[in-house]
Amino acid sequence: MMDHDTGYKLLFSHPRMVRDFLEGFVSGEWLRALDLDSLEKVNGSYVSDDLRSRHDDAVWRVRWGRKRIYLYLLLEFQSTVKRFMPVRVHTYTGLLYQDLIRRHEVDDNQKLPSVLPVVLYNGESRWRAPIHVRNLIQPGPAEFAGLQPEQAFLLLDQGAFDLDQLASMRNLVAALFRLERRRTLSEVAEVLTDLIDWLNPPELTGLRHSFVAWLLRRLRQWLPGITIPEMIDLQEIQEMTRDIAQEWKDMHHQAGLQEGLQQGLEQGSVNEARSILRRQLVRRFGSLSERIEAKLNGASREQLEDWIDRTYEVEGLEDVFR
């Protein structure tokens, strides 16, 4: 079964997802100079000099400014909190640079391109681990200060976003976050209404199919014990989720009626026991005080039945309740 990280890697292999991510969840004046039409996915698998294979999740480049200066977007998808994530990002950045040098995309007269490392975290708890590698390095001599790594990453913790804010955005990444944080199955169908509309253009057919594949696997995780058939269309998934949600609603409604009937029967027997006890007490001890009435009204059926049995075994009214 496809896990969180693999599913996100599938979705973010499409330029429209990366574009919506940049436009909706990254801020700064520098975004004005981005040429988003130049988004291009590049090699995301590197082999370091000691031949150990490393794989990062998604690497894109986009033109920034008037010159052909590329800003590399290093995307890492996480479903669990990793304390040493800054070290991993630092390693991936170095491997990216090594790969560019090895393939002669940067010569001796050029500087290395800027890198925007992003960790997109979709776990249940909020991210509490460091985002800067310097916070993981123990203090040393003052002379070491300028010799330590200065790598950090931009953290995108999807659980920290307000659901109403996400719902107000016409953004595919926001829709993805809403699906991940759905509280009911009915909310899945609501988000799918937006996705069906937004992914309608023919040029987004591939991304639409990726959303279908991701949703089928997530639904099998969300709905254990329910057979999820293979489907190729978002409308089919929407109809299925609506049908299951309605079926659950009907079942809960029926269960609620049965529970209410049972409670009514039980309450009826409690009232009957209370009436019997009250008649016995009045017949033997006379009128009852407000305090005794409150005691009767707050008693369970078991307590009332016990007091009924004791009515003629005691000398005084108070002895009934001792």
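- No donor-acceptor distance shorter than 3.5 angstrom exists from the side chain of Y72 to the backbone of P117, with no hydrogens or angles considered.
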Quiz prompt | Full working for side-chain contact (heavy atoms from CB on, under 4.5 Å) between L192 and L195 | solution = CA-CA 5 Å; L192 286 177; L195 286 178; 4.0 Å; yes

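- Nearest heavy atom pair, residue R208 against residue L234, reads CG-CD1, 3.7 Å.
- Remark: the backbone N or O of D20 is not paired with any side-chain donor or acceptor of E23 at under 3.5 angstrom.
- Under the 4.5 Å side-chain criterion, counting only non-hydrogen atoms from C-beta, D197 is in contact with R170.
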Distance-only donor-acceptor hits, side chain of residues 156-163, under 3.5 Å, sequence neighbours excluded:
unit_1, atom_1, unit_2, atom_2, d
D157, OD1, R126, NE, 3.3
D157, OD1, R126, NH2, 3.0
D157, OD1, G159, N, 3.3
D157, OD2, R126, NE, 3.0
D157, OD2, W127, N, 3.0
Q158, OE1, Y8, OH, 2.9
D162, OD2, D164, N, 3.1
D162, OD2, Q165, N, 3.0

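- Between P113 and L96, every side-chain heavy-atom pair lies at or beyond the 4.5 Å cut-off.
- One distance of note links CG of L296 with CZ of R291; it measures 10.5 Å at 0.5 Å rounding.
- Summarising the geometry, atom CG belonging to L317 is positioned 10.0 Å from atom CZ belonging to R284; distances are rounded to the nearest 0.5 Å.
- Using a 4.0 Å cut-off between a side-chain N of Lys or Arg and a carboxylate O of Asp or Glu, R218 and E180 qualify as a salt bridge.
- Of the possible donor and acceptor atoms, none in the side chain of R182 sits under 3.5 Å from a partner among the backbone N and O of E187.
- Looking at every heavy atom in both residues, L36 comes nearest to L22 through CD2-CD1, 3.7 Å.
- Tracing side-chain contacts under 4.5 Å through hydrophobic residues (I, L, V, M, F, W, Y), one reaches L112 starting from L95; they form part of the same cluster.
- The ring pair (Phe, Tyr, Trp, His ring centres under 6.0 Å) test applied to F12 returns F77, not counting sequence neighbours.
- Residues F177 and W222 share a hydrophobic cluster, clusters being chains of Ile/Leu/Val/Met/Phe/Trp/Tyr side chains in contact below 4.5 Å.
- Closest approach of A299 to R274, counting heavy atoms only: O-NH2, 3.9 Å.
- Few gaps surround NZ on K41; more than 12 heavy atoms of other groups in view lie less than 6.0 Å from it.
- Sorted by first then second residue, the salt bridge (charged side-chain N to carboxylate O under 4.0 Å, His left out) pairs that include residues 135-154, not counting sequence neighbours, are R134-E150.
- Salt-bridge annotation for R278 and E293: present, with a side-chain N of the basic residue lying under 4.0 Å from a carboxylate O of the acidic one.
- Salt-bridge formation is detected for the pair R19/D37: a Lys NZ or Arg NE/NH1/NH2 atom is positioned less than 4.0 Å from an Asp or Glu carboxylate oxygen.
- Taking the side chain as every heavy atom from C-beta outward, H14 and L172 never approach each other to under 4.5 Å.
- Contact detail for P130 and P86: the closest heavy-atom pair is O-CG, 3.5 Å.
- Within a 6.0 Å radius of CD in E290, other residues, nucleotides and ligands contribute 12 heavy atoms or fewer.
- R242 places no side-chain N or O within donor-acceptor distance of the main-chain N or O of A189, the cut-off being under 3.5 Å.
- Taking CG of L215 as the reference point, atom OG of S210 lies at 11.0 Å (rounded to 0.5 Å).
- A search for ring pair (Phe, Tyr, Trp, His ring centres under 6.0 Å) contacts involving F21 returns nothing, not counting sequence neighbours.
- In terms of the ring pair (Phe, Tyr, Trp, His ring centres under 6.0 Å) criterion, residue partners of F321 (sequence neighbours excluded) are, by chain and number, W307.
- Side chains of T80 and K82 form a contact here, defined as non-hydrogen atoms less than 4.5 Å apart.
- Residues V18 and L116 share a single hydrophobic cluster, defined by chaining ILVMFWY side chains whose heavy atoms lie under 4.5 Å apart.
- Every residue meeting the salt bridge (charged side-chain N to carboxylate O under 4.0 Å, His left out) condition with E40, not counting sequence neighbours, appears here in chain and number order: R61.
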Exercise. I would like to know whether Y97 and V115 meet side-chain contact (heavy atoms from CB on, under 4.5 Å); could you show each step before the answer?
Key: CA-CA 10 Å; Y97 285 154; V115 174; 3.4 Å; yes

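- Note on V212: it clusters hydrophobically with W198, by side-chain heavy-atom contacts below 4.5 Å among ILVMFWY residues.
- Side chain of R88 to main chain of F84: no donor-acceptor pair is present (N/O by atom type, distance under 3.5 Å, no hydrogens or angles).
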Quiz item: Going through the checks in order, is the ring pair (Phe, Tyr, Trp, His ring centres under 6.0 Å) test met by Y92 and F153?
Solution: CA-CA 12 Å; Y92 286 160; F153 59 82; over 10 Å; no

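- With a 4.5 Å cut-off on side-chain heavy atoms, F285 and V320 count as touching.
- A distance of 12.0 Å separates CG of L136 from CD of Q148, quoted to the nearest 0.5 Å.
- Shown here for V87 and V133, the closest heavy-atom pair between the two residues is CG2-CG2, 4.0 Å.
- In the hydrophobic clustering of this structure, L176 groups with M169; members are Ile, Leu, Val, Met, Phe, Trp, Tyr whose side-chain heavy atoms approach within less than 4.5 Å, directly or through other members.
- The two residues V188 and L179 come nearest to each other via the heavy atoms CG1-CD2, 3.9 Å.
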Exercise. Begin from the C-alpha positions of D99 and V42 and carry the test side-chain contact (heavy atoms from CB on, under 4.5 Å) through to its verdict.
Key: CA-CA 11 Å; D99 188 67; V42 298; over 6 Å; no

